[in-house]
Structure formats: C-alpha cells, structure tokens
Amino acid sequence: KELDEESLSSVSERLRLALIESDVALPVAFEIVDNVVSSLKGVRIGRTEGVYQVVLRSLRETLYKMLSSIQQVDLVSEAMKRRKEGRIFTVMFVGPNGHGKTLTVAKIANLLLKNNLSVVLACSDTFRAGAEEQLEVHATRLGVKLIRHRYGADPAAVAYDAVIHALARGVTCVLIDTAGRLQTDKGLMDELRKIARVAKPDLKVLVVDALTGNDAYDMAIKFNEAIGIDATVLTKVDADVKGGAAISISVATRKPIIYFGTGQGYDDLKPFDAQWLLDRILP
Amino acid sequence: KLGTSLREAIKKFLGRPVADELAVKELIRDVQRALLLADVNVELVLKITQLIEERALKEPVPSGFTRREVTLKVLYESLVELLGGEKQPKILYPANESITLMLVGVQGSGKTTTAAKLAWFYKSRGYRPGIVCADTFRPGAYDQLKQLALSVGVPFYGERTGTSTEIALRGINELKKMGCNVIIIDTAGRHKSESTLMEEMKLLSEVIKPSEVILVVDATIGQQAKVQAEAFNNATKIGSIIVTKLDGAAKGGGALSAVVATGAQIKFIGIGEKIDELEIFDPPSFVSRLLG
Ligand SMILES: Nc1nc2c(ncn2[C@@H]2O[C@H](COP(=O)(O)OP(=O)(O)OP(=O)(O)O)[C@@H](O)[C@H]2O)c(=O)[nH]1
Ligand SMILES: Nc1nc2c(ncn2[C@@H]2O[C@H](COP(=O)(O)OP(=O)(O)OP(=O)(O)O)[C@@H](O)[C@H]2O)c(=O)[nH]1
Ligand SMILES: [Mg+2]
Ligand SMILES: [Mg+2]
C-alpha cells in the first residue's frame with residue numbers, strides 16, 4: 001500500500017503530541033514530524049506494516065541522524081590537549097536561574113581532577129545571596145582553589161583574575177561559574193557578553209534543567225545569540241523526565257549535549273547517549 | 001500557521017460573518033496550540049478545549065450577543081475558573097494568630113528566594129515574620145537564607161549541623177519566643193524520584209504541622225509539572241502554590257497543571273530576583289498571558 005495524505009495526517013498528529021508530551025518545544029516538534037511525514041508521502045509499505053510504526057521508525061532514524069551529525073566535544077581530552085600545548089583550558093558556564101550551573105561546575109571539576117588535570121574555580125556570580133559560600137563549599141570538598149571577589153564586584157574581573165592565577169600557577173583548567181539569568185533580561189545578557197569578551201573561554205557551556213518545557217528552545221536561541229554556545233549540559237534528568245528539551249536545544253544551537261546531570265552527587269554526570277535519550281523521548 | 005498568536009486567531013474569528021461550527025473548531029485548534037506553547041499538560045489541554053468546544057456550541061446565546069462572543073467568554077471564564085476564579089485566596093491572617101508556612105518544591109524552583117520575599121511581604125503589612133533554614137543539604141543554603149533575612153530585616157534561625165526536623169522545631173520555638181507571628185520554613189529542593197527526600201519532607205511536615213505547605217513551581221517547567229505536583233501533594237497536602245520566574249518568557253502553564261493536580265490555589269507569583277518582586281496572584285492577567 002501507499003502512504004497517502006490521509007493515513008499520514010492522523011499519525012503525524014499523534015507523534016507531534018507524543019513529542020510535545022516529552023517536552024520537545026512545539027515549533028520543533030511540528031517541524032521534525034512534518035519533515036519526516038513529507039519525506040514519506042507516496043512511499044510504498046508492506047500490506048501488513050502499520051503506518052504508525054513506519055512513521056515512528058522514520059522519526060527515530062531522523063532524530064538519531066540529527067543528533068549524531070552534531071560534532072561531540074570531549075571536555076577531558078580538550079583539556080589534556082591544551083595542557084600538552086602548555087596552554088590553559090577555560091570553560092564558562094551560563095544558563096537560567098536555578099537550572100544547575102554551580103553544581104555542574106563542581107561535577108565537571110571532579111571529572112577533570114579524576115583525570116589528573118589541575119583545576120581552579122572562578123565565582124563570577126557576585127550577585128546572588130550565598131553564591132560565593134556555595135561554590136566555596138564545593139571548592140573545599142574538591143580540594144581546589146576558588147577565586148572570588150566581594151559581592152557586587154565585576155564578574156568579568158573575577159574571571160580574568162582566575163585566568164591570571166591559572167597562567168601564573170600552572171593550573172590547566174579554569175571553570176567559570178556565572179549568575180543565573182533569564183534570556184529576556186537584556187542587561188544581564190550584555191553582562192554575559194562582557195564576561196565572555198574578557199575571559200575568552202575555550203568553551204561556553206549552557207546549563208539547562210531537563211524539566212524545562214517550551215522555553216528551552218528560546219533559552220538556547222537567545223543564549224546562543226548572546227555569546228555563542230559550544231555545548232550544553234542537561235541537568236536533573238534523574239527527575240523522571242523525558243528530556244525533549246535536549247532536542248529543542250540541539251536544533252536551536254546545532255551544538256552537542258555533552259552531559260546529563262543525573263543527581264546531586266559529584267559523580268552524577270552521564271556522557272551524552274543519543275539512543276538512551278530517544279528511548280525516553282519516543283513512545 | 002504556528003506563528004499566529006491567539007490574539008490574531010481571535011481577531012480572525014471575530015472577523016467572520018457567522019461563527020459557524022467550523023470557525024469554532026478552528027479557534028479551538030488555535031487555543032490548543034497556545035496552551036501547549038504555554039506548557040499546559042497535554043491531557044489537560046485536550047480536556048479543557050473539548051469542554052469549551054461543547055459548551056460553546058450548545059450554550060444558549062443571550063440576546064444581543066453572538067455565538068462567537070459566547071465562545072470567547074466560555075474560553076476565558078473556564079481558564080479563570082480553573083485557577084480559582086473569583087475565590088479570594090487567604091493571604092492575610094488575623095494578627096493574633098501565629099502561622100507557619102513551609103516551602104517545598106523541585107530543586108532550583110526558587111524556594112529560598114521566595115521565603116525571603118514572603119518575609120518582606122508580611123513585614124510590609126505589619127506582621128512580624130521570621131525565617132528558618134531547614135535545608136541541611138545544599139551547600140551554602142544557610143548563608144544564602146541568612147543573607148536574605150538580613151537584607152529584609154527579619155529574624156533568622158538556622159544551624160550549620162543537625163537534622164532538618166530538629167532545626168525546624170527549635171527554629172519555630174526560638175522565633176515564637178522572639179515574637180514572630182509568621183514563621184517561614186525553607187526546605188531543601190527535591191523531586192518525586194528521590195524517595196528518601198520525599199520521606200524527609202513528609203516527616204518534617206508531620207512533625208512541625210505547618211499552617212500551610214506551599215509548593216514553589218518554576219514557570220519554565222514543562223509537561224512534568226503535573227506529575228511532580230501530584231507526588232508532592234501525596235506526600236504533604238499542598239495548601240497553595242507560588243509560581244516563580246514569570247518575569248521571563250515562560251507562560252507558566254505548568255502551574256495550571258499543578259493547580260488542577262493538587263486542588264490548591266496560586267497565591268503569589270515571583271517576577272524577579274529582588275526581595276520585592278513578588279505579586280499577589282491575579283487569575284485574569286495570568287490567563288491573558290497564558291493565551292498570548
Ligand atoms: N536531582 C538533581 N538536582 C540537581 C542536578 N543539578 C543540579 N541540581 C540541584 O538543583 C539546585 C540548583 O542547582 P545550582 O547549581 O545552585 O543551580 P544554579 O544554576 O547555579 O542556580 P543559580 O546560580 O541560582 O542560577 C540545587 O539544589 C542542585 O543540587 C541534577 O542533575 N539532579
Ligand atoms: N528571574 C527570576 N529569578 C528568580 C525568581 N525566583 C527565584 N529566582 C532565582 O532562581 C534561582 C534559584 O532560586 P533559589 O531560591 O536558590 O531556589 P531554591 O528552590 O531554593 O533552590 P534549591 O534550594 O536548590 O532547591 C536563583 O538564582 C534566584 O535568584 C524569579 O521570580 N525571577
Ligand atoms: Mg549558581
Ligand atoms: Mg533553596
């Protein structure tokens with residue numbers, strides 16, 4: 001039988017809703033399903049094959065291809081490469097309020113330390129109450145130096161200081177934690193631009209909560225427009241989420257999801273796995 | 001087609017000479033899309049729009065009105081109704097009563113910041129608030145809340161070591177002795193799959209018996225809002241909801257799902273990081289923002 005308009009339209013509605021229920025942003029869900037469906041028009045399938053199963057399989061293949069076509073980034077080997085070249089490796093963490101930047105900085109520091117790389121932390125959140133004390137606890141637990149200024153100081157100056165410290169002391173990795181901000185705040189997005197301009201990070205990492213819905217798409221677009229995102233960490237996937245935000249962010253940035261945050265311990269960092277993600281997102 | 005905001009859909013709908021069944025159905029489609037974009041739970045969107053469509057097509061049209069005006073009225077009213085409608089939530093308490101508010105919610109939703117905002121809100125209305133840090137897990141939680149309490153100018157109680165239950169009990173005692181009549185308890189973030197933390201929250205609530213357990217919900221949360229709210233409600237009966245980060249682009253549809261899942265009303269919304277960026281919830285303006 002041939003896949004026609006009618007048989008495809010009810011299936012596409014079902015699959016769009018399935019993606020939306022998995023927290024894929026609406027415009028992204030529509031675009032992906034519509035592309036898959038239009039590529040299947042007029043295709044002949046076996047008499048006993050179900051239209052739904054055929055389209056679902058094609059959807060999975062399309063999503064897998066899209067995710068695997070994005071160049072991955074291996075943070076540890078990037079750091080090692082820089083050390084070999086006698087250079088430092090600076091990573092800047094950005095993202096919306098409360099989505100998990102500070103804990104992610106600690107997790108990444110832990111990962112680098114386990115790979116025998118030296119680390120210094122920069123607290124470029126000079127705004128939020130308790131931000132410096134929070135990162136100080138992580139630094140103490142990990143046994144690394146934290147560069148911090150007083151509250152209200154210039155966040156770019158803290159980042160700059162940390163870079164100077166790393167160069168002077170022969171520390172390889174500089175991890176810069178920044179204050180949370182919503183992508184709609186022009187002033188705060190300008191501040192982020194300034195920190196990036198001063199610190200010149202090798203990697204700008206977006207940290208987003210996997211519980212996020214449609215806003216993940218706009219978040220990724222705006223943060224990308226502001227400073228250019230090189231990679232994303234999707235946190236709190238242990239909260240029984242489907243993780244569709246990963247698709248929205250991948251489409252918006254065309255950059256890799258490098259880790260999933262899977263809990264509140266330093267080891268709760270899982271490398272990106274496309275099949276694992278699709279198993280959760282797709283019915 | 002997706003770029004059509006609901007306002008344009010309504011304009012188009014009203015522009016038609018007769019609001020026939022097809023026009024109503026088309027409007028319903030656009031409403032579904034707007035609600036999904038706003039992160040309202042998929043099942044709830046389908047349920048709401050089905051109800052509205054049935055009512056809109058069957059509801060008698062009073063003289064002087066058109067069926068299309070009835071449809072829009074039904075849509076708006078149904079959503080406002082879901083959010084508590086005209087029923088004024090209890091925000092102000094008798095001054096001689098001592099009340100305890102316990103804040104709970106998923107990690108990073110804004111509990112600690114909201115605890116301070118609530119203290120400022122009640123202080124500016126003549127109450128004597130006090131804040132207790134019962135978050136013994138998060139690094140810097142004590143310092144964060146203590147700094148916030150200082151900026152609001154209210155008594156703070158916390159201990160650097162101890163269990164959350166012991167600290168909460170001692171805190172309530174100490175603050176009452178100091179004359180506080182609105183005691184706000186900040187707790188650690190947690191989600192439904194962390195059974196130990198959910199148990200801790202349940203125990204905490206049973207021991208301190210708060211006047212109200214407040215669920216703090218991030219406006220950016222998507223389809224999981226309903227499931228998380230249900231789990232919180234099963235562990236500790238949720239008395240009210242506060243939706244944070246509505247100063248961003250998110251419409252907060254997840255909060256609507258949380259309302260339906262818990263039967264609790266939204267009392268406040270957070271519209272920024274500063275202490276005074278808390279507003280009393282207003283269903284009509286939330287609904288108009290929801291519908292874009
Ligand atoms: N369960 C779980 N909790 C997480 C994860 N990542 C972060 N958290 C928690 O989320 C909360 C917020 O984390 P933070 O690291 O403070 O978030 P942030 O983005 O730095 O917050 P701001 O600096 O205020 O914008 C904390 O309670 C963390 O423990 C994760 O992968 N799983
Ligand atoms: N823009 C904005 N940010 C907010 C709002 N409410 C809280 N925040 C920010 O969100 C982040 C998380 O707030 P917290 O109060 O630490 O959240 P929490 O729920 O106590 O986090 P945990 O204790 O780790 O679960 C902080 O950066 C706050 O400043 C709000 O209404 N608007
Ligand atoms: Mg932080
Ligand atoms: Mg907190």
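Chain letters run A, B, ... following the sequence lines, proteins first, then strands; residues in each count from 1. Nothing here was measured: the structure is a model prediction, and the numbers come from that model.
Put simply, the side chain of Phe268(B) does not reach to within 4.5 Å of the side chain of Lys117(B), judged on heavy atoms. Between Glu132(A) and Asp125(A) the shortest side-chain heavy-atom distance does not fall below 4.5 Å. Considering only heavy atoms from C-beta on, Gln224(B) stays 4.5 Å or farther from His191(B) through its side chain. Side-chain contact between Val205(A) and Ile229(A): absent, with no pair of heavy atoms (C-beta onward) separated by less than 4.5 Å.
Scored by the side-chain hydrogen bond (donor to acceptor under 3.5 Å, both in side chains) test, Asp218(B) finds Thr220(B), Lys245(B) as partners (sequence neighbours excluded). With sequence neighbours excluded, no residue forms a side-chain hydrogen bond (donor to acceptor under 3.5 Å, both in side chains) with Glu230(B).
Inspection of the Gln264(A) and Tyr266(A) side chains reveals no N or O donor paired with an N or O acceptor under 3.5 Å. Judged purely by distance below 3.5 Å, without hydrogens or angles, the side chains of Arg138(B) and Gln107(B) never pair a donor atom with an acceptor atom. Counted by atom type alone, Gln183(A) and Glu225(A) present zero donor-acceptor pairs between their side chains at under 3.5 Å.
Annotation: maximal heavy-atom pairing with chain B below 4.5 Å, among Asp238(A), Val241(A), Leu182(A), occurs at Asp238(A). Residue with the most contacts toward chain B among Lys236(A), Lys242(A), Glu133(A), Lys222(A): Glu133(A) (heavy-atom pairs, distance under 4.5 Å). Ranked by heavy-atom pairs under 4.5 Å with chain A, the first of Ala219(B), Gly189(B), Ser193(B) is Ser193(B). Per-residue heavy-atom pair counts under 4.5 Å with chain B were compared for Val137(A), Asp215(A), Leu17(A), Asp185(A), and the maximum is reached by Asp215(A). Interface summary for chain B: among Thr235(A), Asp240(A), Leu135(A), the most heavy-atom pairs under 4.5 angstrom belong to Asp240(A).
For a residue to count as touching a neighbouring chain, one of its non-hydrogen atoms must lie under 4.5 Å from one of that chain's; by this rule Asp218(A) touches chain B with the side chain only. Of the two parts of Glu273(B), only the side chain, counted from C-beta on, holds a non-hydrogen atom closer than 4.5 Å to a non-hydrogen atom of chain A. Neither the backbone nor the side chain of Val45(B) comes within contact range of chain A, judged by heavy atoms closer than 4.5 Å. Proximity to chain B (any heavy atom under 4.5 Å) is shown, for Tyr217(A), by neither the backbone nor the side chain.
Within a 6.0 Å radius of CZ in Arg60(A), other residues, nucleotides and ligands contribute more than 12 heavy atoms.
Of all residues spanning residues 139-146 of chain B, those with a heavy atom less than 4.5 Å away from chain A's heavy atoms are Pro139(B), Gly140(B), Asp143(B), Gln144(B), arranged by number. Residues of residues 98-113 of chain A having a heavy atom under 4.5 Å from any heavy atom of chain B, listed by number: Gly98(A), His99(A).
Aromatic ring centres of Phe286(B) and Phe281(B) lie closer together than 6.0 Å. Ring to ring, Phe272(A) and Tyr259(A) are not that close: their centroids are 6.0 angstrom or more apart.
Separation of atoms OG1 (Thr212(A)) and CG (Leu234(A)) is listed at 7.5 Å; rounding is to 0.5 Å.
A cation-pi arrangement is absent between Lys274(B) and Trp120(B), since the terminal nitrogen or guanidinium carbon is not both under 6.0 Å from the aromatic centre and inside a 45° cone about the axis.
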